Amino acid sequence: MPKTSVPVNVNFNQAPPACNPDPVRVSKANNSGITWKSNNAGYTFTGVTIDGNAAPTGEFGTPDIQVVGGKSQMTVTDGVTDYNDHTYTLEYTDPQGNPGQYDPKIKNEQ
């Protein structure tokens, strides 16, 4: 079975925004990365930092940002070689173009 990205829904209609699931559980056996999908039109992902470092890092790939069905989504590969919890910061702009950030968690598992 091919590996897939873990889908994560991001709801910007609350303060702070919320990810579901949080933490994101990434399995070495099943997953190749993470895809964050905005539930709200007008918000645009602009990047992600992992453990304080802008992706790409040694573990995580370059963000692939697209608009699908009028909503932003961002995919990052995850090598799942470091089985620790990782903090990350989703970076985005709101419908008025103002920058924002949100800090959920990633849990890499075997």
Side-chain angles (χ1 to χ4, degrees):
M1 175 181 279
K3 292 184 180 186
T4 60
S5 290
V6 177
V8 179
N9 292 312
V10 182
N11 184 356
F12 289 103
N13 280 346
Q14 59 191 72
C19 288
N20 184 17
D22 181 12
V24 179
R25 296 186 180 279
V26 184
S27 161
K28 184 174 184 78
N30 301 315
N31 307 124
S32 59
I34 304 164
T35 298
W36 293 277
K37 297 178 180 183
S38 173
N39 286 349
N40 314 95
Y43 289 83
T44 304
F45 293 111
T46 58
V48 62
T49 62
I50 312 286
D51 299 328
N53 300 301
T57 68
E59 180 83 359
F60 299 90
T62 301
D64 177 23
I65 301 169
Q66 300 180 17
V67 175
V68 177
K71 297 178 181 172
S72 186
Q73 74 177 32
M74 176 173 59
T75 300
V76 175
T77 59
D78 182 347
V80 196
T81 57
D82 182 351
Y83 300 118
N84 291 313
D85 292 350
H86 299 277
T87 59
Y88 64 99
T89 302
L90 293 176
E91 300 169 340
Y92 61 89
T93 57
D94 69 13
Q96 293 73 40
N98 300 311
Q101 297 181 336
Y102 176 61
D103 299 312
K105 296 206 179 304
I106 298 170
K107 180 158 185 62
N108 281 344
E109 302 176 328
Q110 293 182 347

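These numbers were taken from a predicted model, which means no experiment stands behind them.
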Next on the checklist: Let's go through F60 and V26 carefully: what are the C-alpha distance in whole Å and the side-chain angles of both, what is the deciding distance for side-chain contact (heavy atoms from CB on, under 4.5 Å) to 0.1 Å, and is it a yes or a no?
Outcome noted: CA-CA 12 Å; F60 299 90; V26 184; over 6 Å; no

All side chain to side chain contact (heavy atoms under 4.5 Å, CB included) counterparts of [X], not counting sequence neighbours:
X: T87; answer: D51, K105
X: D103; answer: T89
X: N39; answer: N9, N11

Next on the checklist: Exactly one of I65, V48, D64 should register a side-chain contact (heavy atoms from CB on, under 4.5 Å) with V76. Which one does?
Outcome noted: V48

Checklist entry - Which word best sums up how the rings of W36 and Y88 line up, parallel for under 30°, tilted for 30 to 60°, or perpendicular for over 60°? => result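 W36 vs Y88 ring planes: tilted.
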
Checklist entry - Any side-chain donor-acceptor pair under 3.5 Å between S38 and Q73? => result no

Next on the checklist: Please determine whether residues V10 and V67 belong to a single hydrophobic cluster, defined as Ile, Leu, Val, Met, Phe, Trp and Tyr linked transitively by side-chain heavy-atom distances below 4.5 Å.
Outcome noted: no

Is it the case that the side chain of [X] and the backbone of [Y] share a donor-acceptor pair, with hydrogens and angles ignored and the cut-off at 3.5 Å?
X: N98; Y: D94; result: no
X: T49; Y: G52; result: no
X: T46; Y: E91; result: yes
X: K3; Y: K28; result: yes

Identify the two heavy atoms, one from [X] and one from [Y], that lie closest to each other, and give their separation to 0.1 Å.
X: C19; Y: V8; result: CB-CG1, 3.8 Å
X: T62; Y: P56; result: OG1-CG, 3.4 Å
X: A41; Y: P95; result: O-CG, 4.4 Å
X: A55; Y: P63; result: O-CD, 3.8 Å
X: P7; Y: P21; result: O-CD, 3.8 Å
X: V80; Y: E59; result: N-OE2, 2.8 Å

At what distance, to the nearest 0.5 angstrom, does [atom1] of [X] lie from [atom2] of [Y]?
X: I34; Y: T75; atom1: CD1; atom2: OG1; answer: 9.5 Å
X: K37; Y: Q66; atom1: NZ; atom2: CD; answer: 10.5 Å
X: S32; Y: D78; atom1: OG; atom2: CG; answer: 9.0 Å

Next on the checklist: Could you check, using the six-membered ring where one of them is a Trp, whether Y43 and F12 have ring centers closer than 6.0 angstrom?
Outcome noted: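 Under 6.0 Å, so yes.
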
Next on the checklist: In the structure I gave you, are the side-chain heavy atoms of T44 and Y92 within less than 4.5 Å of one another anywhere?
Outcome noted: no

